[in-house]
2 protein chains.
Amino acid sequence: MTPTPSATLAQPATPTPSATLTGPRPAAARLTIAEAAERTGLTTHTLRYYERDGLMLRAVERTSSGHRAYGEGDLVWITLLTCLRATGMPIREVKVYAELVRSGEGNELVRLDLLQSHRARVLAQLAEVTSHLGAIDNKIGVYTAKLEAAGLDFERAATG
Amino acid sequence: MTPTPSATLAQPATPTPSATLTGPRPAAARLTIAEAAERTGLTTHTLRYYERDGLMLRAVERTSSGHRAYGEGDLVWITLLTCLRATGMPIREVKVYAELVRSGEGNELVRLDLLQSHRARVLAQLAEVTSHLGAIDNKIGVYTAKLEAAGLDFERAATG
DNA sequence: ATCTGCCTTGGAGTGCGCTCGAAGTCAAGT
DNA sequence: ACTTGACTTCGAGCGCACTCCAAGGCAGAT
């Protein structure tokens, strides 16, 4: 394939000055945008779009050449984003949540509220979809019965 | 409110020549588009859009003045449309289904296939949403615990 | 030195599903 | 006769969430 993509970035123990910015741990692995895309199931386009749109907690780190370098924390956050988005939270609301988290401690109650009302909406929507699915199941039952009957007719005709 | 809206249309036993077109029954009640909208939960805009877009089985009947007059069959069909749409079937696929039904008997197997693969997709999506909801529930649990702990601290501080 | 390939940016484009507006018709009420 | 209000059509507009493009930068391989 291609040469190791994260050549300049993933030097496991390099004492880069920015290492201390992320935390006390020496140096976490950094991923290129393509790798992050693969891990998260999003496209690179979408990852850039999310960052542009303010859905990330902070700007993603960069290598010396300006390429994005995703850390473990970024991936964890993107995973949460994906949960919220996949359950139907609009981007504008995800953004609100991100802003709350970004602004630090003290608003946990607001965040909880936001998550809980989202949860309620999701439950309602699950119930609705399930009920509509029931109606579709009925329809499927009708067609199945119809075709089974036709099948019997056919069998009778073929056998008789 | 407004005077009886369906004045010209809903004359229960009028032997209008078009009555026989719908079926052997004398005269089914006909609804204005506004009434149909109210019953189905769609807007009048959406009802017209669906018809324009070929989602209806046939053009909705009209009064002498050109107004739409929805019959029971139309409402039943719209209800099915709503089930399909609410479970995430794209309009283009609903259209395919409508075309199958429109083209008469003989393609029941194809219709069944379509409904069953839709059903499978819906089940998959329900599972996905449910699983992501679980992750969100965890997050909610974390915040709840955090706030409960803070609440205890607060209580201790207030009491002590 | 040049080629390859992944990355960067800002901005434009796409697909879906409505949603709305303008201009006009019709029937009933005053 | 005129006003009101619900309806008609056609076509444009909108919000959402991507998705893509053009032009360019940088690093490693040949």
Side-chain angles (χ1 to χ4, degrees), chain A residues 1-11 30-38 40-56 59-70 74 78 81-98 121, chain B residues 1-11 30-56 59-70 74 78 81-96 98 121:
Chain A
M1 300 269 180
T2 66
T4 316
S6 46
T8 38
L9 340 160
Q11 296 157 351
R30 292 284 181 266
L31 280 66
T32 65
I33 194 169
E35 290 164 342
E38 191 177 11
T40 60
L42 302 174
T43 68
T44 57
H45 293 301
T46 303
L47 285 174
R48 289 193 203 97
Y49 163 63
Y50 279 2
E51 188 176 346
R52 247 195 290 181
D53 217 43
L55 268 62
M56 298 300 287
V60 174
E61 229 181 286
R62 302 302 179 111
T63 66
S64 54
S65 56
H67 291 193
R68 287 174 181 81
Y70 289 83
D74 295 319
I78 293 168
L81 288 192
T82 302
C83 282
L84 295 176
R85 290 288 307 119
T87 51
M89 183 183 285
I91 280 193
R92 117 188 57 87
E93 195 172 340
V94 177
K95 209 144 63 173
V96 169
Y97 184 71
R121 281 196 306 270
Chain B
M1 304 269 178
T2 65
T4 316
S6 45
T8 39
L9 340 159
Q11 297 157 351
R30 292 284 181 265
L31 279 66
T32 65
I33 193 169
E35 289 164 343
E38 192 177 11
R39 297 249 180 126
T40 59
L42 303 174
T43 67
T44 57
H45 292 300
T46 303
L47 286 174
R48 289 193 203 96
Y49 163 64
Y50 279 3
E51 188 176 345
R52 248 196 288 180
D53 216 43
L55 268 62
M56 298 300 288
V60 173
E61 228 181 286
R62 302 301 177 111
T63 66
S64 54
S65 57
H67 291 195
R68 287 174 180 81
Y70 289 83
D74 295 319
I78 293 168
L81 288 192
T82 302
C83 282
L84 296 175
R85 290 289 306 120
T87 49
M89 183 182 285
I91 281 192
R92 117 188 58 86
E93 195 172 340
V94 177
K95 209 144 63 173
V96 169
R121 280 196 306 269

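Keep in mind that what you see is a predicted model, and the values were worked out from it rather than measured.
- Applying the 4.0 Å criterion to OP1 and OP2 of D:dC18, one finds that A:Y50 has a side-chain N or O inside that range.
- Across the protein-nucleic acid pair, A:Y49 atom OH and C:dT14 atom P stand 18 Å apart, rounded to whole Å.
- We find that NE2 of B:H67 is positioned 16 Å from P of C:dG24, with the value rounded to whole Å.
- A straight line from CG of A:D53 to P of C:dT9 spans 14 Å, rounded to a whole angstrom.
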Which atoms of nucleotides 9-15 of chain D (N or O only) lie under 3.5 Å from a protein N or O atom, and what are those distances?
unit_1: D:dT9; atom_1: OP1; unit_2: B:R62; atom_2: NH1; d: 3.4
unit_1: D:dT9; atom_1: OP1; unit_2: B:R62; atom_2: NH2; d: 3.0
unit_1: D:dT9; atom_1: OP2; unit_2: B:R68; atom_2: NH1; d: 3.0
unit_1: D:dT9; atom_1: OP2; unit_2: B:R68; atom_2: NH2; d: 2.7
unit_1: D:dG11; atom_1: N7; unit_2: B:R52; atom_2: NH1; d: 3.2
unit_1: D:dG11; atom_1: O6; unit_2: B:R52; atom_2: NH2; d: 3.3

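- Axis orientation changes by 20° from one end of the helix from C:dA1-D:dT30 to C:dT30-D:dA1 to the other, with each end axis drawn from 5 pairs and the value rounded to 10°.
- Taking every heavy atom of both residues into account, A:A69 and A:T63 meet most closely at CB-CG2, 4.2 Å.
- With rounding to the nearest 0.5 Å, the separation of CG in A:L55 from OH in A:Y49 is 7.5 Å.
- Checked by atom type and distance alone, the side chain of A:E93 never pairs as donor or acceptor with a backbone atom of A:P90 at under 3.5 Å.
- For B:G88 and A:I33, each mapped to the nucleotide of DNA chain C holding its nearest heavy atom, the one lying further toward the 5' end belongs to A:I33.
- Scanning both residues, B:E51 and B:M56, for their nearest heavy atoms gives CA-CG, 3.8 Å.
- Summarising the geometry, the separation between NE2 on A:H45 and C1' on D:dC16 is reported as 18 Å, rounded to the nearest angstrom.
- Between A:T46 and the phosphate of D:dA17, there is no side-chain N or O to OP1/OP2 separation shorter than 4.0 Å.
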- For B:Y50 and B:I78, what are the C-alpha separation, side-chain angles and deciding distance, and is it a side-chain contact (heavy atoms from CB on, under 4.5 Å)? CA-CA 9 Å; B:Y50 279 3; B:I78 293 168; 5.6 Å; no

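- The minimum heavy-atom distance linking A:D53 with A:K95 is given by the pair O-CD, 2.8 Å.
- To the nearest angstrom, P of C:dG17 lies 14 Å from CG of B:L42.
- The distance from atom CD of A:E51 to atom P of D:dC18 is 16 Å, rounded to the nearest whole Å.
- When all heavy atoms of B:A37 and B:T43 are compared, the pair lying nearest together is CB-C, 4.0 Å.
- A sub-4.0 Å separation between OP1 or OP2 of D:dC7 and a side-chain N or O of B:T44 is absent.
- One can place CG of B:L47 at 16 Å from P of D:dA6, the figure rounded to the nearest angstrom.
- When all heavy atoms of A:T44 and A:I33 are compared, the closest pair comes out as O-CD1, 3.7 Å.
- If you take CD1 of A:I78 and P of D:dC18, they are 13 Å apart, rounded to a whole angstrom.
- Residue-environment remark: CZ (B:R39) stays at or below the threshold of 12 foreign heavy atoms within 6.0 Å.
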